[in-house]
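One is the number of the first residue; the rest follow in order along the sequence.
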Amino acid sequence: MSHTFRIAMQYLALFLCLHIPSRCFSLLHSSHYSHTTRTRDIIKGHRTSNIIARLASQQQESIPNVVTNPQKQHSCQFCSQSFSSRNQLFRHVRNSVDCATKANGGKEVSQYCLKRIDIVLHIAYECYIDKEFQVERLEKYDSVVIGKIIKHAFLKGLNELYHGQIGMSSSNNSNRDDDLTPKILSSTQTSVASQRHYSLSQENGVSSVGEVMTLSYVYPVRKTLLDEKKEYRQKEEMKSLEEHRLVVQQQLENNINMEDWKNDLGTSVLKDIQLLSAKILSENTKIHAEMSCTQRAYHYILPLRWLNGGREIEKWWLENRNNVIQSEDNNDILYGIGGEMRAKKPPPNDTLQRLKFALRSAECKRIAQDGSENLNLASGRYGVLALKERKPWHNFANPNLKGDASPNNKPVWKVIDRCRIVQFVCHETIEDTQAMAIIEFRGDDFLAEQIRRIIGSVVAICNEWLPDDFIQNATQMDMFIKTPAGPMNHMYFAEARFHFNELVDGQRLFEETDIPNTNTLRAMVDIQNKIMARICSPTTNYLESLWLASLQKNVAPKIRNELKSLFTASSSLSASSVLTETPIIYSECLSMLRDVVSAGRWPTTSSARSKVIKNNPNKGNNATIIDSGSFTVINPKFNDGLLMNDDRIKIPLGNQLFPDLVSSIFDLEEELSKDPNSEGYQRPSSSHCAVNRNAQFTPHVDSGRGSGQSLSMIVGLGDYTGGELLIEGESSNIRYNPIQFDGWKQRHWTAPFCGERYSLVWFTPEIS
């Protein structure tokens, strides 16, 4: 019995080996040879003897047949071919057209499949505005159109490349069960603000040699490639990418008709889009071209003839250009990290020194680490760049942005890391040779027109048309003043940096694919020559001479007058000025406001509103100067009192402390809406009112947005002089003279004043 039992166990072990996974068999195998009680229980029962007998009778003829070649244990049911492993069998079915078709129920299956690839592109192009000095359009951006054109060229080129080669022509055949058409899954661009505020989109008419774009797309590959080793797959991916780049570049050069994009480009002219280099992103590398970019660099080509003494500098440069010592490393010029130029003969005047001084006044300084918290610190940036101070550039933004360029909006607070001369270039014609300076701007981000307005200011400073500290004054949060914009079509996007990715990779983004930046340097020289050719044309020379004359005779004098009025307004105010008496309609409300002050019950101003109220620099320890403050109340009668019972609304403290004052405030609005001589005539009742005392507001827009009632109404009360309301630079006297304005879209602020000043602002916000 024991001999027969051992034979039966051998057969059972072989059976389990062929039909049960090895991890399960190992448990049974160990228990069988130990003759444990559990093993014997498996075969006991009334059929035990029949099973053993049957196995024993087949011992002689069955044992040789069971010990088979393991390579023949996995057979394809469609072609009967045998394989040593299931992986080999699956690979065979996937790569065999006949077997794959049969396994798919008779539907044709291609030998190809779609493979995803994530790449980053380095792009150059020429772009300029056809008509100089045209107003910037904010609804469409050249950089967005360029991205669309590149994606269009990619799809068109890849479809032509793989058409017919992989049987894509039959992709519409109902007998096919796959779609091998290349598709773009996603894309990002450094110059396009899709996740940033739209005011940070690159302005129109700007060329580029540094645009970075990421693309994720799928394209057809042979299925056999998926079974190859990683190194081989990577080599094939690189070959495919280079093939794709060449095909797409051919599309951009020969098959893209810019007339098809004319409606999107408007007055912009786009030419010569080039893919300078392309790089595959590894599985562990994640780059978002817009949000991962830590520094952007733009170059502005500045003719030296714009500056007083510039022609002498130009002559000096042209005579000594062969004796100029310039950095031997081309990367220094390209990236602006060196590029120092020295001539053996000193310049004939101080024009260059004044230019350098004016440019450096636009740079953001490094903040000393003294342990105190600085809210303007550029936190989140790379290395020492995070120690730079953010400045509000609202005065240097496109005026069409209006409230979106308010200093209380985060997008206007940006850092300029570098503002320097990095290179001199010249353009020669038959009649003349002009020398120009390449001005580099490096920063975390730039508002529309910011660079051109800095250039306009720098030219005015160098020519002594504006004071040396103009840029410092114009970047104060409580300052609102016009800035001169330099001409268009002088600028190009030079470079995008990705410091955190570069830290991981140990090199710049395209350092491997553009060694030693030959494509970039060639493209940069080409763009510079094209820009200079336009600058030196007779038409442009004439237009820019008119701009320079206007800057000297019209724009700069107006700005100087604005500065003078701003700095002398406070000193010229006098509390002893003769004031008109308080109209009877305002007497009750004004009396109640004064009672609140005399009783010392004025509520504390919220932290959010305190940020847009200017501190009184003259107060010091003088207790006789009344503190500024502001609080909000809601209309208890609005919507028949439903507002007071709305769970979404928190009843302000002012309503609880001063119910009589609240009634008087909204009764006053009702009276003003009945007065035909009032600007608030026939105005519907408001839901809220801001009550302000001696509050000089800095330029801002109101948070949120209006609900039905888009206009706010403001009126001033009390005995004061000055204190006009400025709306987008336009001054209005509001003392007992109510006016309406759009506080959610228009920048507004308070002029300096002297005396006791109250103001009431009625508005109806949207309730979330």
Item to check | Full working for ring-ring contact (aromatic ring centres under 6.0 Å, His included) between Phe441 and Tyr298 | outcome: CA-CA 5 Å; Phe441 293 84; Tyr298 287 87; 8.7 Å; no
Please confirm whether the backbone N or O of [Y] pairs with a side-chain atom of [X], one donor and one acceptor, at under 3.5 Å?
X	Y	value
Asn489	Thr540	no
Ser545	Tyr542	yes
His427	Arg534	no
Asn349	Thr351	yes
Arg453	Thr483	yes
Gln189	Ser143	yes
Ser550	Trp547	no
Asn463	Asn308	yes
His197	Leu200	no
Ser199	Leu447	no

To the closest 0.5 Å, what do you measure between [atom1] ([X]) and [atom2] ([Y])?
X	Y	atom1	atom2	result
Met213	Ile150	CE	CD1	5.5 Å
Ile527	Ser207	CD1	OG	4.5 Å
Leu307	Leu302	CG	CG	5.5 Å
Lys388	Asp444	NZ	CG	10.0 Å
Ile123	Thr190	CD1	OG1	8.5 Å
Asn395	Gln450	CG	CD	11.0 Å

Testing the basics here: between [X] and [Y], what is the closest heavy-atom pair and its distance to 0.1 Å?
X	Y	result
Thr285	Ser282	OG1-OG, 2.7 Å
Met532	Val425	SD-CG2, 3.4 Å
Cys127	Asp142	SG-OD2, 3.3 Å
Phe498	Ala289	CE2-O, 3.7 Å
Ala496	Val212	CB-CG2, 4.0 Å
Leu161	Glu243	CD1-OE2, 3.5 Å

Item to check | Test side chain to side chain donor-acceptor pair (under 3.5 Å) applied to Gln195 and His288, step by step | outcome: CA-CA 10 Å; Gln195 295 190 18; His288 191 287; 3.2 Å; yes
Evaluate the side-chain proximity of [Y] to [X]: yes if any heavy-atom separation is below 4.5 Å, no if none is.
X	Y	value
Glu203	Asn398	no
Ile273	Ile149	yes
Glu511	Lys279	no
Lys414	Phe446	no
Gln434	Asp432	yes
Leu352	Phe357	no
Arg442	Glu495	yes
Val120	Phe510	yes

Item to check | Inter- and intrachain pairs under salt bridge (Lys or Arg N to Asp or Glu O under 4.0 Å), touching residues 308-317, at least two apart | outcome: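 Only Arg305-Glu314 qualify under salt bridge (Lys or Arg N to Asp or Glu O under 4.0 Å).
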Checklist entry - Tell me the salt bridge (Lys or Arg N to Asp or Glu O under 4.0 Å) pairs involving residues 284-296, sequence neighbours left out? => result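 Salt bridge (Lys or Arg N to Asp or Glu O under 4.0 Å) check on residues 284-296 returns Arg196-Glu290, Arg296-Asp445.
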Next on the checklist: The criterion is salt bridge (charged side-chain N to carboxylate O under 4.0 Å, His left out); which residues satisfy it with Glu428, sequence neighbours excluded?
Outcome noted: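 By the salt bridge (charged side-chain N to carboxylate O under 4.0 Å, His left out) rule, Glu428 matches Arg321.
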Checklist entry - salt bridge (charged side-chain N to carboxylate O under 4.0 Å, His left out) with Asp118: which residues, sequence neighbours excluded? => result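 So Asp118 forms a salt bridge (charged side-chain N to carboxylate O under 4.0 Å, His left out) with Arg116.
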For [Y], is there an ion pair with [X] - N to carboxylate O distance below 4.0 angstrom?
X	Y	value
Glu236	Lys239	yes
Glu237	Lys115	yes
Glu126	Lys530	yes
Arg366	Asp417	no
Arg245	Glu242	yes

Item to check | Evaluation steps, salt bridge (charged side-chain N to carboxylate O under 4.0 Å, His left out), between Arg418 and Glu440 | outcome: CA-CA 7 Å; Arg418 180 185 178 94; Glu440 181 178 79; 3.3 Å; yes
For [X], does the [atom1] atom sit with more than 12 other heavy atoms under 6.0 Å from it, leaving out its own atoms?
X	atom1	result
Lys183	NZ	yes
Met291	CE	yes
Gln250	CD	no
Lys235	NZ	no

Next on the checklist: Quick check on side-chain contact (heavy atoms from CB on, under 4.5 Å): which of Arg452, Glu211, Met491, His490 does Val206 satisfy it with?
Outcome noted: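 Exactly one pass, corresponding to Met491.
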Next on the checklist: Please identify which of these residues, Leu265, Val192, Leu270, meets the side-chain contact (heavy atoms from CB on, under 4.5 Å) condition with Ile146.
Outcome noted: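 Going through the options one by one, the only one that passes is Leu270.
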Checklist entry - Under the side chain to side chain contact (heavy atoms under 4.5 Å, CB included) criterion, do Lys391 and Gln476 qualify, and how do the steps go? => result CA-CA 8 Å; Lys391 289 183 178 181; Gln476 299 299 316; over 6 Å; no
Checklist entry - Which residues satisfy the side-chain hydrogen bond (donor to acceptor under 3.5 Å, both in side chains) test with His152, sequence neighbours excluded? => result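 side-chain hydrogen bond (donor to acceptor under 3.5 Å, both in side chains) check on His152 returns nothing, list empty.
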Next on the checklist: Evaluate Tyr219 against His244 for ring-ring contact (aromatic ring centres under 6.0 Å, His included), listing each step before the verdict.
Outcome noted: CA-CA 10 Å; Tyr219 68 100; His244 297 170; 4.8 Å; yes
Item to check | Partner residues of Phe470 under the ring-ring contact (aromatic ring centres under 6.0 Å, His included) criterion, sequence neighbours left out | outcome: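 So Phe470 forms no ring-ring contact (aromatic ring centres under 6.0 Å, His included) with any residue.
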